[in-house]
J.: 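Take a look at this one; I'll ask things after.
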There are 6 protein chains.
Amino acid sequence: MKILVINPNLTQAITEAVTQVARSSASSGTEIVAVTGTFGPEVIASRAENALAAHGVLELAARHVKDCNAVILGVSLDSGLYALRELLDVPVVGMTEAALHAASLLATRVAVLTFGARLVPLYEDLAREHGVAARVVRVAALPFAPTEAFTDRQRVRDALRERCCGLVQADGAEAIVLAGAAFAGMRKAVQADVPVPLIDGIETAVPLAEALVRLAYPKARTGSLSHPGARAAAGLSPELTALLSRRG
Amino acid sequence: MKILVINPNLTQAITEAVTQVARSSASSGTEIVAVTGTFGPEVIASRAENALAAHGVLELAARHVKDCNAVILGVSLDSGLYALRELLDVPVVGMTEAALHAASLLATRVAVLTFGARLVPLYEDLAREHGVAARVVRVAALPFAPTEAFTDRQRVRDALRERCCGLVQADGAEAIVLAGAAFAGMRKAVQADVPVPLIDGIETAVPLAEALVRLAYPKARTGSLSHPGARAAAGLSPELTALLSRRG
Amino acid sequence: MKILVINPNLTQAITEAVTQVARSSASSGTEIVAVTGTFGPEVIASRAENALAAHGVLELAARHVKDCNAVILGVSLDSGLYALRELLDVPVVGMTEAALHAASLLATRVAVLTFGARLVPLYEDLAREHGVAARVVRVAALPFAPTEAFTDRQRVRDALRERCCGLVQADGAEAIVLAGAAFAGMRKAVQADVPVPLIDGIETAVPLAEALVRLAYPKARTGSLSHPGARAAAGLSPELTALLSRRG
Amino acid sequence: MKILVINPNLTQAITEAVTQVARSSASSGTEIVAVTGTFGPEVIASRAENALAAHGVLELAARHVKDCNAVILGVSLDSGLYALRELLDVPVVGMTEAALHAASLLATRVAVLTFGARLVPLYEDLAREHGVAARVVRVAALPFAPTEAFTDRQRVRDALRERCCGLVQADGAEAIVLAGAAFAGMRKAVQADVPVPLIDGIETAVPLAEALVRLAYPKARTGSLSHPGARAAAGLSPELTALLSRRG
Amino acid sequence: MKILVINPNLTQAITEAVTQVARSSASSGTEIVAVTGTFGPEVIASRAENALAAHGVLELAARHVKDCNAVILGVSLDSGLYALRELLDVPVVGMTEAALHAASLLATRVAVLTFGARLVPLYEDLAREHGVAARVVRVAALPFAPTEAFTDRQRVRDALRERCCGLVQADGAEAIVLAGAAFAGMRKAVQADVPVPLIDGIETAVPLAEALVRLAYPKARTGSLSHPGARAAAGLSPELTALLSRRG
Amino acid sequence: MKILVINPNLTQAITEAVTQVARSSASSGTEIVAVTGTFGPEVIASRAENALAAHGVLELAARHVKDCNAVILGVSLDSGLYALRELLDVPVVGMTEAALHAASLLATRVAVLTFGARLVPLYEDLAREHGVAARVVRVAALPFAPTEAFTDRQRVRDALRERCCGLVQADGAEAIVLAGAAFAGMRKAVQADVPVPLIDGIETAVPLAEALVRLAYPKARTGSLSHPGARAAAGLSPELTALLSRRG
């Protein structure tokens, strides 16, 4: 089985971190292929960057999905998830989506932790869009930029540990989703000090994507996630144009 | 006052129809300037097209917003609305957003009517995203493609009339939002036969945008709709790159 | 265009403050006419006073609406709003209703600030009744009586400034509705120190009412906001009796 | 124990019907006293009439509550319920409120049946205001005016029977609230033919009010239902003025 | 009238405390009969114990309901309430259910107070299951085991008093439900120091059950709370087997 | 990996059907072990039977979980799911829970189909309890008893096919959960004729349980799903007594 991991931002280091985590939770027969964005924002931490990343995700998928059995979005805002699900015949799983569903199988009160207070409403929206908002008791933010997770790892890790314990104490969180590709690989270092499970999106998305591949549900032929049919477009890559027009 | 109307799809005829309606409800001192998309989908009637249109909206705004006092999105899915609101200092109003708020000032039960059943969940999501879902009792769809509103005008108009009356009878709708740029200009022809107000997005967005310009609220300097700060990007137009990095 | 502003309480000073603010945001061609209650409570800051004010609003409208193009309720609980909307053919806009809708066009998280903790549940109900509760993250109260906004202006203003900043910091408010006619005119003095837009109900209601007048939607002929038909009543003013019976 | 039943409309026949039903479910030691409105609408079947009735309810209560142990609102829109609860020290129970709570003790899916489609949104709001909307699966209306329940009793009864069976079949109703004082006394005639319990508001309100009297909870001294304190008013009856100012 | 109070845990002391409170609010003609669990958990303070208690409740009811006019569940998680309601022809009232409905008749913001933070989500679920979650602003917990209410009565009472005042101050609670059979009898000692009504489940359930007996609604013959019909089972007591198969 | 499938009803045929489906979607290294109830109801299709089944589930798990890496509930009401999750250290997955989460990864509008109208509210509750109700647009029921799925297979299959197509057409379902162990194995026969994916609970639960085993999240040490600690009980099997007291 071959799974395509799409990181639509331009930062190769994040793609690498994400790939490493993806491989750590993949089955032995699963190959992980990862691609990085070629245009758009360097990091994705605002609505505008999220909108641009959605275009990037579609372009990357159109170019690289061939021969892949599933796609995972390696961007914690799950940019373009439902748009891509519409176009592809193979399963598409968002990393935060995966984390939220897994958390719901483990906990009745789920907290989400991200970088920067301005993203809090975006993750609240995302939980609602994914249909699981009823379980989310709190979206909280560390006062760091995602990039600091790479440049000041120890400090971010300490703040993460402390905030997680606070979410358990004050908000009754029974599981905590680490929403941010920059958290990739940080879960294990912190888990021992937190009394509830921490959920990393990429790590979780891989076995969920594998499960969907195995279950082999047919693509819906009707409804809002079916392929829209032969749609005309201009100024896009040939691959994306073909995917939209179903000539792919 | 100068208002920029953005139609991110590639269909000039829709821009023209939308502009005409916008002018019909503008104050005497208001100038309407309209622009059409330069890349992306020809029409916007799916999640993928909506995602691409959001990029288009940002590009068009970056290039044309200079000297404008407000922006109106002339696309009924309000593509990229919150992303653009984040980047600009002037008010941005979505056409369906405007219609939903106006409808809420007139009715306790609002119906939304669009083209094609696959869009129903998208407008339900949009009402939720705009915070007014509590008023929306039904999103319904005419079984036509938006383009048929231009090619088979009489038939679409008859179907519209009949469906509106049905929404009043069966769903208790007290106002009906016509969600689709292709409905532009059709409201008046049908209104006389429907016992509740029909709301056209563009027509409504213009005075709402004028009101916001007049009220001159300051742009938020914090929160999820403040400008994200100096963000780096690649492969975008110089104008959009500048807007993201605040060098605009 | 002539807009009637109704203050159903008995305090002429509030009518004057409200009128001044209304004029400040009116278009040049708009005339503002204001009336004050003739019976009922001196101030409106409880459910009982709100109920009595609703009757007062209906009486004042029946007597003064002639020749007016729209009505604005100059009472922050929007007393009797939907009852009046039912009876009149011209648009009726509540001041807090206007503020909540305008705030929704500017912010994804809206806070409401009022006078006195006992009013908090009433404004929560009001947001729900207006269909926009999904956007309201917090209703908070200054520990003052509304009258103190006139007698101890500086202290109330300082408390207002501080509480607004707290709502931004602790609750992530992206816009703040000042709910209380007694706040009229205080917005500009405080705005500079608060990083998100402050919304004054009266100031906002005027251009919204003007927009509705311009759009000239027809009155619904069916549904819960249509006129109830020829209804008999006793012990009311001749004008209100006539309005109920449609002999107006 | 003495219970005051307030019918704020002007129709003595409804007061009498309501009183008879109230007595039928009262304990042997309970005395039912009923009063009829002295001003306002003849029947209460719109928002405007409901607003006027709220004032009427406060006036009637102020004049007649002395020596009573509880008050029941004999008007199916529960007009002025929360306003009155604020002012009085004795329990106040709305007839539809009582029915909705009793229905919740018997059924997981509750339907509400009223007269006239324009009231449907009002009862939906009422269920929400009473906090029990989660149980209400459907508010439906018979196509009759309430007065026809008196003038054309057999026809209304037949329609009621048929509609109730439909609510069970099509909506899965497990109990049905008959919302309308005009239904008073009709429950028993129809119950035998309907496979789920029918709930009459007045009949239910009496034992609930008796229960609250017996439980003797103290009046809240704080919060939105505590007495607002010494409030000044003009143009009201001396009794209501006194009640507002707590000189009662 | 004879009311059966079922305490499904094995602690006779709790049955006695509960019985005493039940008798204190019963009408003169009402006989209270109480039974204690014969298998299962000693106390019920987790989901697993709640599940076992539900079986216990069914067994106890099957054995003891004969000649009783109503059943009250003397366990604050209302274990097995809806299952029992399905099987019996007489009214069944849960103690927390009763408290929540009574609180809704007195307050617009209801708090629930229990023992032990791990129960908070269970009471939040219970309020939702009972359809009244819209009124519940906070479920809070004292940091004690229920048994300490008996062994360290003074300390628990002091903590209760303080926490109740905090719920009023910080959460705007207008009534507080004491959720825990171990609180039985503690209400009166604390009420004087708390400015809003405290609601004890058992005390409230008795007059509500009496009211339902008096109203004599017929048992639903269809829907999810009707008897499921002749169901076969094995390994249960003869009485419960008979009740399931309707041979009771 | 060894997964225990628990069927708490007494019908061996259902256990066998369920086991066969479980094996069909298990990885090659996964062993499926299934157990059948030893007491309680023959089938589980009411609240009372569901309550008894929860006890049965706990007993079966206590006796058979040793050496198993995960537990799947082979009962479509997910009886006792959260109670068992509390007690065990290994993952527990409910079959309908699994189906609902998988459906949410494939569709924005999910329908649930079961046997018998009286179960509709139970599955609505279940979706809410699992936190995914926001995605569920309709719970519908075939008018058959579950047993008829075995005795009259062709007729049930035809009805299933037709009802599924109706849910797509009329309700806009984009995926349909087959909620009923009796549907086990019927999915593939019907899928070809339905344009959206059909989701079988058991089939889906197996790869989800495998994924959770692989991810190896730690058991929460606090919160409502942590083990309640050393709890005393009587009259239960030694294994369940030990599990409650953590002496297992």
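So you know, we letter chains A, B, ... as the sequences are listed, proteins then strands, and number each from 1.
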J.: Nearest 0.5 Å, what's the OH-CG distance between A/Y82 and B/D125?
T.: 8.5 Å
J.: Is A/P121 close to chain B through its backbone or its side chain, or both, or neither, when contacts mean heavy atoms under 4.5 Å?
T.: side chain
J.: Give, for atom CZ of A/R128 and atom CD of B/E129, the distance between the pair rounded to the nearest 0.5 Å.
T.: 9.0 Å
J.: For side chain to side chain contact (heavy atoms under 4.5 Å, CB included), just list the numbers for A/L84 and B/R47, CA-CA rounded to whole Å, side-chain angles, deciding distance to a tenth of an Å, and then say yes or no.
T.: CA-CA 8 Å; A/L84 188 55; B/R47 297 177 194 274; over 6 Å; no
J.: With chain B as the partner, which of A/A83, A/A117, A/G235, A/A45 has the greatest number of non-hydrogen pairs under 4.5 Å?
T.: A/A83
J.: Which one wins on heavy-atom pair count under 4.5 Å against chain A: B/V57, B/T38, B/L58?
T.: B/L58
J.: Any idea which heavy atoms bring A/R118 and B/H227 closest together, and the distance?
T.: NH1-O, 3.4 Å
J.: Minimum heavy-atom separation for B/A54 to A/A51, with atom names?
T.: CB-CB, 4.2 Å
J.: When you compare the side chains of B/S46 and A/R231, does any donor N or O come within less than 3.5 Å of an acceptor on the partner?
T.: no
J.: Which bit of B/L119 comes within less than 4.5 Å of chain A, counting heavy atoms only: side chain, backbone, both or neither?
T.: neither
J.: Answer with side chain, backbone, both or neither: which region of B/A234 has an atom nearer than 4.5 Å to a non-hydrogen atom of chain A?
T.: both
J.: Just wondering, more than 12 heavy atoms not from A/R63 lying within 6.0 Å of its CZ?
T.: yes
J.: Name the region of A/T222, side chain, backbone, both or neither, that has any atom closer than 4.5 Å to a heavy atom of chain B.
T.: neither
J.: When you look at CD of A/E162, are more than 12 heavy atoms from neighbouring residues, nucleotides or ligands closer to it than 6.0 Å?
T.: no
J.: With chain A, which of B/G229, B/G40, B/P41, B/S226 has the greatest number of heavy-atom pairs at distances under 4.5 Å?
T.: B/G40
J.: Measure the CG-CD distance between B/L244 and A/E42 for me, rounded to the nearest 0.5 Å.
T.: 11.0 Å
J.: Quick check on B/S79 against chain A: is it the side chain, the backbone, both or neither that has a heavy atom closer than 4.5 Å?
T.: neither
J.: Give, for atom CG of B/L122 and atom OG of A/S224, the distance between the pair rounded to the nearest 0.5 Å.
T.: 6.0 Å
J.: With only heavy atoms counted, which part of A/A232 is less than 4.5 Å from chain B, the side chain, the backbone, both or neither?
T.: both
